Protein chains: 2
Amino acid sequence: MANGNRGPSMHDVAARAGVSHQTVSRVLNDFPGIRPETRDRVLAAIDELGYRRNLAARALVTGRTQTIGMIGPEIPDIGPLSTLHGVERAARAAGLHTMMTSADPASESVREALDFLVGRGVDAIALVAQQRSVREALEGFDERVPVIHLLTGGDPAGAAASIDQRAGARLAMDHLLDLGHTRIQHVSGPPSYTEAQLRREEYGAAMSDRGLEPLEIIEGDWTTDSGFAAGSALDPTATAVFCGNDDMALGLIHALVTAGRDVPGDISVVGFDDTPASRHSLPPLTTVHQDFGAVGAWAVALMIAARDGLEPPSAELIAPTLVERSSTAPL
Amino acid sequence: MANGNRGPSMHDVAARAGVSHQTVSRVLNDFPGIRPETRDRVLAAIDELGYRRNLAARALVTGRTQTIGMIGPEIPDIGPLSTLHGVERAARAAGLHTMMTSADPASESVREALDFLVGRGVDAIALVAQQRSVREALEGFDERVPVIHLLTGGDPAGAAASIDQRAGARLAMDHLLDLGHTRIQHVSGPPSYTEAQLRREEYGAAMSDRGLEPLEIIEGDWTTDSGFAAGSALDPTATAVFCGNDDMALGLIHALVTAGRDVPGDISVVGFDDTPASRHSLPPLTTVHQDFGAVGAWAVALMIAARDGLEPPSAELIAPTLVERSSTAPL
DNA sequence: GGATCGGCTGGGACCGGTCACAGGCCCGCG
DNA sequence: CGCGGGCCTGTGACCGGTCCCAGCCGATCC
């Protein structure tokens with residue numbers, strides 16, 4: 001072991017165990033046909049030396065790193081964060097490792113992140129693609145490494161893992177409509193987000209399905225502040241508001257209550273996300289729960305299939321659920 | 001380029017540009033003393049071939065991966081998450097890459113995560129060590145890769161980047177005390193967290209510094225639900241509550257209001273974290289803001305110093321600030 | 001004019017694993 | 001007693017970069 005301070009190598013182990021490096025390799029990779037006694041000697045040597053396999057060397061020859069890359073947004077919202085966390089857990093369960101980097105939605109930045117991960121030799125990439133511009137960055141990206149899209153909302157079929165946004169929006173709207181509301185307004189997220197776009201569309205569809213005229217849509221940016229601002233822009237005849245996410249709903253309620261209106265007495269509010277804060281806001285928020293962990297797990301399944309050249313499992317969206325709390329009431 | 005489907009190698013580029021692989025390497029690494037004309041030819045060849053350097057090969061010979069590892073908790077709270085995000089950004093700015101894995105606080109799990117990262121050849125590790133048990137996992141971990149602790153609260157000096165918890169707790173307490181409150185109760189996080197421990201101690205210190213007797217401390221688990229539960233365990237004589245974090249404060253306020261008490265009319269509440277939801281909760285929450293991004297940046301500075309064998313910059317804690325909103329009022 | 005020197009380039013070993021292949025040994029069989 | 005065939009093991013090439021060293025060239029110097 002006369003190599004700098006690099007730690008023992010396979011040859012050192014081999015020498016100590018009195019075998020060849022190849023035998024050590026076989027033990028490490030669980031190859032059959034090794035005499036138990038030999039195997040034990042090798043294992044003992046590994047232990048004594050504190051040997052640890054060098055993955056760079058391994059990756060160099062195999063061309064596989066057993067690592068998947070993840071690209072998330074610069075500003076981490078609860079959704080992407082939870083999803084990537086789900087990916088990480090599912091990957092670890094599958095014996096894979098994860099490497100994460102972030103990128104703002106500009107194509108340039110996404111391309112950079114992609115290049116970085118490909119350069120690191122990841123076997124597949126999970127890309128949070130809530131915004132259309134992120135997906136556009138992939139145009140002409142004909143790399144040999146498969147890319148799975150996350151949280152596209154179910155817009156494009158194909159290699160993507162998402163929550164069914166239309167279904168979620170319909171859940172919220174039907175809840176409000178079933179309570180008797182007809183003047184329902186929508187505070188949406190930025191239209192650059194596919195999810196916001198889909199929730200918007202479904203808002204309109206849900207209204208017209210009941211023969212109702214949609215009210216003007218107020219555009220927010222997902223933050224509590226923008227929800228607060230939306231409060232003063234609300235249609236005075238509205239008796240219910242479907243908010244694009246919980247944070248905006250919280251801000252909106254704050255504005256409403258400040259203006260002397262009672263929630264849900266005067267006006268009902270429903271959110272989207274089921275954040276921790278929504279459980280105990282005043283009033284506790286009726287909202288749509290999304291299982292981000294399931295999205296992550298599904299993404300990993302897709303990546304493994306893609307990596308191994310298998311047919312991808314049939315596309316399937318994760319179904320959201322409605323959580324009824326106290327921010328909504330019958331008209 | 002007759003190698004499987006591995007993409008072009010340095011030799012392919014060299015052949016195309018009519019130079020040696022060594023010259024290509026020099027161009028790639030910005031070595032001086034290359035004729036501009038030669039350099040351009042190489043660059044052109046790289047571009048035409050879509051060549052990309054194989055980092056596994058590079059890491060194999062240099063022994064450096066230009067990557068830092070991060071270990072976060074299984075359940076991602078806002079603090080660790082924001083901090084790791086800060087590490088990621090600062091690392092990228094320094095030309096380093098990050099690889100993240102998570103571990104539950106059990107020593108076993110932390111050791112595994114450590115081993116994994118060391119095996120991947122990271123140059124340094126940032127470890128979220130809010131809980132004492134996490135730090136204990138490092139006993140006898142004499143690896144050659146430096147480990148920086150995150151969010152220890154400033155308890156142990158040394159290779160750690162944290163926010164000054166004592167100062168933050170003092171900020172919250174002095175605010176309440178200056179408003180004239182004397183019956184102040186504390187809802188703390190789990191004592192296994194150093195941060196919770198430090199906030200607790202400072203609560204007691206702040207009280208006795210003014211000659212006041214501390215009230216019984218209620219123990220929560222950081223969640224809104226535990227804050228809600230704390231609401232019914234509150235000392236009836238308390239006129240103010242210092243909560244260990246915003247989520248618990250939100251749950252507590254919910255319980256209080258449900259029980260018919262007014263915040264801040266009957267009782268003042270201050271939180272800790274400055275989460276997005278706290279800006280527009282009802283009432284908007286007075287809380288302590290922590291600059292997690294700065295912690296991340298500081299951690300990266302420490303890691304670079306450690307990696308290069310430099311003397312670590314003198315230990316310094318990030319100072320929190322008080323954000324006054326509407327959940328507190330004079331007695 | 002020959003030696004020296006600096007700018008620029010090439011040749012080969014090496015990092016630490018995996019893979020393909022070639023044995024050595026011992027057994028059973030004819 | 002010789003030979004084929006498992007079982008188990010060793011040998012050497014190779015992955016794609018970086019590092020060390022040598023060599024070429026023209027210009028400068030004495």
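Naming: A, B, ... by sequence-line order, numbering from 1 per chain. Everything numeric here is computed off the predicted structure, so don't read it as measured data. For the numbers below, each heavy atom of this structure counts, side chains included, while hydrogens, waters and symmetry mates do not.
Salt-bridge annotation for A/Glu88 and A/Arg92: present, with a side-chain N of the basic residue lying under 4.0 Å from a carboxylate O of the acidic one. Between B/Arg132 and B/Glu136 no salt bridge is recorded (no basic side-chain N to carboxylate O distance below 4.0 Å). A salt bridge is defined here as a Lys NZ or Arg NE, NH1 or NH2 lying under 4.0 Å from an Asp or Glu carboxylate O, and A/Asp47 with A/Arg16 fails to meet this definition. The pair B/Asp40-B/Arg35 does not count as a salt bridge, with every side-chain nitrogen at least 4.0 angstrom from each carboxylate oxygen.
Between B/Ser25 and D/dT18 there is a side-chain polar atom (N or O) within less than 4.0 angstrom of OP1 or OP2. Residue A/Thr23 places at least one side-chain N or O under 4.0 Å from the OP1 or OP2 atom of D/dG10.
Nearest to the side chain of A/Arg35, among C/dG10, C/dG16, D/dC8, sits D/dC8. Looking at the side chain of A/Ser9, the nearest of the listed nucleotides C/dG16, C/dG10, D/dG10 is C/dG16. Comparing atom distances between the A/Ala57 side chain and each of D/dG17, D/dG10, C/dG16 picks out C/dG16 as nearest. Among the nucleotides D/dG10, C/dG10, D/dG16, the one closest to the side chain of B/Asn54 is D/dG16.
Between the P atom of D/dG17 and the CG atom of A/Leu60 lies a distance of 9 Å, rounded to the nearest Å. C/dC15 atom C1' lies 15 Å from atom CG of B/Leu55, rounded to whole Å. In this structure, the CD atom of A/Gln22 is 11 Å from the P atom of D/dT9, given to the nearest Å. In this structure, B/Arg26 places its CZ atom 10 Å from C1' of D/dC19, rounding to the nearest Å. Across the protein-nucleic acid pair, A/Asp12 atom CG and C/dC15 atom C1' stand 13 Å apart, rounded to whole Å. Atom CZ in A/Phe31 sits roughly 9 Å away from atom P in C/dT18 (whole-Å rounding). Rounded to an integer number of Å, the gap from CZ of A/Arg64 to P of C/dC19 is 11 Å. Between the P atom of C/dT9 and the CG atom of B/Asp40 lies a distance of 12 Å, rounded to the nearest Å.
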Inset, instruction - Evaluate the side chain to side chain donor-acceptor pair (under 3.5 Å) criterion for residues B/Arg89 and A/Ser102: first the C-alpha distance (whole Å), next the side-chain angles of each, then the deciding distance (0.1 Å), finally the verdict. - result: CA-CA 8 Å; B/Arg89 301 213 315 169; A/Ser102 54; over 6 Å; no

Inset, instruction - Carefully, step by step, assess B/Ser192 and B/Gln131 under the rule side chain to side chain donor-acceptor pair (under 3.5 Å). - result: CA-CA 5 Å; B/Ser192 60; B/Gln131 298 182 71; 3.2 Å; yes

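Looking at A/Arg52, its side chain has no donor and acceptor atom pair within 3.5 Å of the base of C/dG16. Not a single donor-acceptor pair, N or O on each side, falls under 3.5 Å between the base of D/dG17 and the side chain of B/His11.
Heavy atoms of A/Ile34 sit under 4.0 angstrom from primed sugar atoms or phosphate atoms, though from no base atom. A/Tyr51 comes within contact range of the sugar-phosphate backbone alone, with a heavy-atom separation under 4.0 Å but no base atom that close. Residue contacts shown for B/Arg53 are limited to sugar-phosphate atoms, with no base heavy atom under 4.0 Å away.
The nearest heavy atom of DNA chain C to B/Val61 and to B/Thr38 marks one nucleotide each, and the one closer to the 5' end goes with B/Thr38. Map B/Leu28 and A/His21 each onto its nearest nucleotide of DNA chain D; the residue landing nearer the 5' end is A/His21.
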